[in-house]
Amino acid sequence: SASNYVGGLIGQAGGGTVSASNATGNVSGSSSYVGGLIGQADGVTVTASNATGTVSGDSNYVGGLIGESANGNVNRSHATGETSGSSSVGGLVGHNNGGTVAGSHATGKVVGASDNVGGLVGQNDQSTVTDSYTTGSVSGSERVGGLIGWSINGTVSTSNATGNVSGASDYVGGLIG
């Protein structure tokens with residue numbers, strides 16, 4: 001698709017709940033906000049849901065499950081496909097903005113052409129990640145982490161990452177870039 005907001009189930013969602021839902025197809029977008037299940041979710045609670053396809057975006061905010069989750073919650077959900085994009089790329093959520101990810105995981109390889117690349121969350125802005133894990137390899141340029149690429153005033157607890165992490169520039173970490 002040539003426009004923003006591309007998702008395996010929903011392109012853009014404002015408010016509400018997505019529960020016990022899944023998407024199995026590959027998802028690709030040539031612009032921002034690309035997700036295996038939802039492209040962009042604002043104030044949405046996603047529970048017990050998953051995406052298994054490969055997710056690729058040519059721009060920012062690309063996630064295996066959700067491209068961007070703003071002021072939302074992701075609970076007991078997972079993504080297993082490979083995720084690739086430019087900036088703010090995550091195996092589960094590309095940009096977690098003012099929200100929570102809990103009891104969730106991502107197992108696919110994550111590749112970012114630029115910065116803020118994480119196995120679970122690419123960019124974690126004033127958000128919480130708890131009881132979550134990743135197992136896939138993560139590679140990018142700057143701010144690359146096994147769990148989170150870049151965490152800004154965020155909280156991370158009881159979470160882990162076991163995949164290989166590689167970055168071409170600065171701020172590369174096994175857990176957080």
Side-chain angles (χ1 to χ4, degrees), residues 6-9 21-29 33-39 41 46 48-69 74-96 99-124 127-151 154 156-169 171-177:
V6 179
L9 184 66
S21 300
N22 66 79
T24 58
N26 296 335
V27 178
S28 64
Y33 307 104
V34 180
L37 190 72
I38 303 172
V46 176
S49 297
N50 67 83
T52 59
T54 296
V55 180
S56 60
D58 294 337
S59 194
N60 308 328
Y61 312 122
V62 181
L65 190 73
I66 303 171
E68 180 187 59
S69 176
V74 179
N75 305 307
R76 300 187 327 275
S77 297
H78 66 272
T80 59
E82 179 175 332
T83 305
S84 63
S86 181
S87 179
S88 296
V89 181
L92 191 75
V93 178
H95 186 204
N96 187 25
T100 300
V101 172
S104 298
H105 65 273
T107 58
K109 176 181 178 181
V110 180
V111 179
S114 186
D115 57 358
N116 309 338
V117 183
L120 191 76
V121 176
Q123 184 174 332
N124 193 52
S127 299
T128 299
V129 172
T130 184
D131 300 320
S132 297
Y133 70 90
T134 62
T135 59
S137 64
V138 183
S139 62
S141 180
E142 186 173 308
R143 292 191 291 268
V144 182
L147 190 74
I148 298 170
W150 191 24
S151 189
V156 178
S157 65
T158 53
S159 297
N160 66 77
T162 58
N164 293 328
V165 179
S166 62
S169 187
Y171 314 113
V172 179
L175 194 66
I176 300 173

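The residues of the chain are indexed from 1 along the displayed sequence. What you are looking at is a predicted structure, and each value in this text was computed from that prediction instead of being measured.
Here H105 contributes atom NE2 and Y133 contributes atom OH; the two are 3.5 Å apart, rounded to the nearest 0.5 Å. Atom-to-atom distance recorded for S88:OG and N60:CG is 6.0 Å, nearest 0.5 angstrom.
Contact annotation: the side chain of T80 never approaches that of N50 to less than 4.5 Å [non-hydrogen atoms, C-beta and beyond]. Side-chain contact between S141 and D115 is absent, with no heavy-atom pair separated by less than 4.5 Å.
Nearest heavy atoms, Q123 versus N116: OE1-ND2, 3.1 Å. Closest non-hydrogen pair, A106 versus L120, comes out as N-CD1, 3.9 Å. For the residue pair A23 and L9, the shortest heavy atom distance occurs at CB-N, 4.5 Å. When all heavy atoms of G103 and S132 are compared, the closest pair comes out as N-OG, 3.5 Å. Smallest separation of non-hydrogen atoms from V111 and E82: CG2-OE2, 4.3 Å. Of all heavy-atom pairs between T24 and T52, the closest is CA-OG1, 3.3 Å.
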Verdict with supporting geometry, T83 and V89, side-chain contact (heavy atoms from CB on, under 4.5 Å): CA-CA 7 Å; T83 305; V89 181; 3.8 Å; yes

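The main-chain N or O of S137 is never found under 3.5 Å from a side-chain atom of N164 such that the two would form a donor-acceptor pair. In terms of modelled atom types and a separation under 3.5 Å, the side chain of S104 and the main chain of S77 share a donor-acceptor contact.
Checking D131 against T158 by side-chain atom types alone, a donor-acceptor pair falls below 3.5 Å. Remark: the N96 side chain and the N124 side chain contain an N/O donor-acceptor pair separated by less than 3.5 Å. Side-chain contact check for T130 and S157: at least one donor-acceptor pair (N or O, by modelled atom type) lies under 3.5 Å.
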